[in-house]
Amino acid sequence: MTGEPRAVRRLPGHPTQWEIDEQTTLGAAYVRSLMRSQLRTGITAFAVLALPVVTLPLFFGALRNTTVVWIVLGFGCYPVLVLIAWWYVRRAERNERDFARLVHGRAVRDRHGAP
């Protein structure tokens, strides 16, 4: 604790990781690219979700059948929500995996072992 500080060595083979850790201009560009791709994924999922939510009241107003309305609300909406959520999670994980591959400069395996 009271001795001279030792020189810190940079980890070999990970220049991109160093750029991000040191918050250089290039590192900030890498992080911004990840954030943009995640934002684009989120906006796309929101748009796909908003389209049926906006059009359902018009459909229900024209239909005027409460039984069909309750069936659509009770059973028809959930598969669509699950599909949108499944797509969003897969796409966000792929964005992060691509970013990790870019940072580490090699193939990064996901939790299932697929590159």
Side-chain angles (χ1 to χ4, degrees):
M1 291 284 205
T2 59
E4 289 291 319
R6 295 182 182 171
V8 177
R9 290 187 305 156
R10 212 171 99 191
L11 293 175
H14 293 89
T16 308
Q17 179 69 44
W18 180 82
E19 296 282 346
I20 293 170
D21 290 342
E22 294 298 318
Q23 298 178 354
T24 64
T25 304
L26 181 59
Y30 283 131
V31 172
R32 272 195 312 274
S33 72
L34 173 64
M35 292 173 65
R36 268 195 314 269
S37 64
Q38 294 291 46
L39 179 64
R40 194 171 29 251
T41 302
I43 288 173
T44 302
F46 177 74
V48 170
L49 174 65
L51 182 65
V53 168
V54 169
T55 58
L56 272 178
L58 299 172
F59 172 72
F60 292 155
L63 191 61
R64 299 176 197 250
N65 186 342
T66 57
T67 306
V68 175
V69 169
W70 281 108
I71 290 172
V72 169
L73 287 176
F75 299 107
C77 292
Y78 292 108
V80 173
L81 292 175
V82 169
L83 283 174
I84 293 170
W86 175 82
W87 176 84
Y88 174 76
V89 169
R90 300 266 306 179
R91 182 65 185 208
E93 287 176 348
R94 189 173 85 182
N95 289 341
E96 291 175 3
R97 193 171 44 249
D98 291 345
F99 180 75
R101 188 175 297 127
L102 174 72
V103 168
H104 294 296
R106 59 179 162 65
V108 176
R109 297 189 177 274
D110 65 2
R111 64 181 171 206
H112 301 295

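This chain uses plain numbering: 1 for the first residue, then up along the sequence.
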Got a second to check how far F60's CZ is from T55's OG1, nearest 0.5 Å? 9.0 Å

Can you tell me which residue among M35, Q38, R90 is in a side chain to side chain contact (heavy atoms under 4.5 Å, CB included) with N95? Q38

Over all atoms of both residues, closest heavy-atom pair of V80 and G76: CG2-O, 3.7 Å

Taking the side chain as every heavy atom from C-beta outward, state whether W87 and T41 have any pair of such atoms under 4.5 Å apart. yes

Gap separating the CG atom of L49 from the OG1 atom of T44, nearest 0.5 angstrom: 12.5 Å

Can you hop from V48 to W86 via hydrophobic side chains spaced under 4.5 Å? no

OH of Y88 to CD of E93: how many Å apart, nearest 0.5 Å? 10.5 Å

Do F46 and I43 have side-chain heavy atoms sitting under 4.5 Å apart? no

For I84 and A45, work out which heavy atoms get closest and say how close. CG2-O, 3.9 Å

If you round to the nearest 0.5 Å, how far is CD1 of I71 from OG1 of T66? 9.5 Å

Side-chain contact test, heavy atoms from C-beta onward, threshold under 4.5 Å: evaluate it for R94 versus D98 and give yes or no. yes

Treat each ILVMFWY residue as a node, draw an edge where side-chain heavy atoms are under 4.5 Å apart, and state whether L83 and L81 are in one component. no

